[in-house]
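Below you'll find the structure, written out as structure tokens, and then a few comments.
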Amino acid sequence: MAGHKPEFHDRREAGRRLAIVLAPLAGAHPLVLALPRGGVPVAFEVAKALDAELDLLFVRKIGAPGYEELGIGAVVDGAEPQLVLNEDIVRQLAPSPDYIRAEMRRQLAEIERRRSSYVGGRVPVEVTGRTVIVIDDGIATGGTVKAALKGLRKNRPARLVLGIPVAPSDSIAEISPECDDIVCLAQPDPFYAVGTHYAVFDQTTDEEVVRLVREATPFGHSHGSPGRPTAMRGARGPAPG
């Protein structure tokens with residue numbers, strides 16, 4: 001990694017650069033969904049620039065019976081939470097429906113606890129019929145983001161867009177079928193890890209998440225009803241920085 005120059009100073013700068021490429025979606029009055037915690041500072045800058053509503057999107061893994069580190073699926077937060085299963089692993093392990101239901105309830109309870117700690121009693125924003133932009137600070141393997149997109153798709157957004165500052169090209173290719181557009185500012189090779197592409201990559205604190213969500217409360221409420229989906233031309237793949 002000698003001589004490696006990070007693509008971004010910090011998450012806020014990455015968000016401002018991402019917002020420039022996502023700007024054509026502003027007319028659709030999109031909903032910006034941030035994956036906590038690291039995705040929140042990035043998403044805040046996007047929501048601010050596009051004057052778009054900002055909400056959080058929680059994804060919780062469901063582990064295999066007796067092997068919690070092995071994910072058989074995930075629960076995706078939202079006004080209508082969704083269960084996303086890895087069908088190949090489920091076929092191999094054949095966990096009982098009762099086990100899956102119990103784990104889904106347990107993870108939904110944890111999602112509710114985390115959501116309450118960040119946004120209080122505010123309910124998730126409905127995504128059906130909306131242009132939705134999912135934001136994270138970067139992708140390595142992409143498992144969490146892929147589950148998030150699969151879950152959101154079940155709730156029938158009008159358009160589903162993924163916005164990320166940095167990711168390896170093979171992860172982008174794998175995730176691509178799960179959404180309508182991907183905006184990824186940098187696909188370095190070799191990739192290393194997400195944090196190596198930022199000059200400053202401190203852990204995002206709970207306090208910062210709470211503060212940014214509060215500051216974003218006015219965003220997106222001057223439009224009236226949500227707009228129609230807007231096409232983005234040439235947004236997929238790396239963009240100039």
Side-chain angles (χ1 to χ4, degrees), residues 31-43 53-128 130 132-157 160 162 164 171 174-175 177-179 193-194 203-214 216:
L31 169 64
V32 175
L33 294 179
L35 288 163
R37 290 177 290 191
V40 176
V42 184
E53 288 181 88
L54 175 67
D55 199 6
L56 304 181
L57 180 66
F58 297 89
V59 180
R60 293 286 298 174
K61 182 177 74 174
I62 293 181
Y67 301 93
E68 289 195 1
E69 70 281 359
L70 176 60
I72 64 172
V75 179
V76 181
D77 182 29
E80 297 180 36
Q82 296 292 338
L83 174 66
V84 178
L85 293 176
N86 185 321
E87 300 294 348
D88 290 338
I89 296 180
V90 168
R91 274 194 297 269
Q92 291 175 32
L93 302 181
S96 72
D98 286 344
Y99 172 83
I100 294 175
R101 280 193 293 268
E103 281 300 293
M104 182 175 180
R105 285 194 296 268
R106 189 166 74 90
Q107 297 305 335
L108 282 171
E110 177 61 17
I111 285 173
E112 182 58 32
R113 185 191 71 79
R114 294 189 178 205
R115 174 171 281 279
S116 178
S117 71
Y118 288 141
V119 300
R122 197 177 86 184
V123 298
V125 179
E126 176 64 62
V127 305
T128 303
R130 299 288 301 272
V132 178
I133 307 172
V134 176
I135 302 285
D136 205 353
D137 56 6
I139 288 175
T141 61
T144 298
V145 168
K146 189 173 183 179
L149 295 171
K150 280 180 174 287
L152 286 170
R153 181 68 82 189
K154 293 183 178 184
N155 285 329
R156 304 175 304 282
L160 186 55
L162 175 63
I164 41 175
S171 292
E174 185 174 342
I175 291 169
E178 308 299 339
C179 54
V194 171
Q203 183 175 11
T204 303
T205 65
D206 289 342
E207 292 75 18
E208 185 177 4
V209 172
V210 171
R211 176 176 58 81
L212 291 176
V213 169
R214 186 185 302 119

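Note that the structure is predicted; figures quoted are calculated from it, not measured.
Closest non-hydrogen pair, Leu35 versus Ala148, comes out as CD2-CB, 4.4 Å. In plain terms, the two heavy atoms of Leu160 and Arg153 that are nearest each other are CB-NH1, 4.0 Å. Listed here is the closest heavy atom pair of Tyr118 and Pro36: CE1-CB, 4.3 Å. Looking at every heavy atom in both residues, Asp136 comes nearest to Gly38 through OD1-C, 4.3 Å. In plain terms, the two heavy atoms of Val59 and Ala74 that are nearest each other are CG1-CB, 3.9 Å. Residues Ala64 and Leu93 come closest through the heavy atom pair CB-CD1, 3.6 Å.
Note on residues 138-152: pairs passing salt bridge (Lys or Arg N to Asp or Glu O under 4.0 Å), not counting sequence neighbours, are Lys146-Glu174, Lys150-Glu178. Legend: salt bridge (Lys or Arg N to Asp or Glu O under 4.0 Å) pairs involving residues 59-68, not counting sequence neighbours, sorted by first then second residue: Glu68-Arg106.
A donor-acceptor distance shorter than 3.5 angstrom exists from the side chain of Ser171 to the backbone of Ala140, with no hydrogens or angles considered. Here the side chain of Asp55 pairs a donor or acceptor atom with the backbone of Val125 at under 3.5 angstrom. Remark: side-chain polar atoms of Ser116 are not paired, donor with acceptor, to backbone N or O of Arg113 under 3.5 angstrom. Checked by atom type and distance alone, the side chain of Asn86 never pairs as donor or acceptor with a backbone atom of Gly71 at under 3.5 Å.
The shortest side-chain heavy-atom distance between Ile72 and Pro95 falls under the 4.5 Å cut-off.
Using a 4.0 Å cut-off between a side-chain N of Lys or Arg and a carboxylate O of Asp or Glu, Asp137 and Arg37 do not qualify as a salt bridge.
Tested against Cys179 for a side chain to side chain contact (heavy atoms under 4.5 Å, CB included), the candidates Val145, Leu152, Val132, Leu162 yield a single pass: Leu162.
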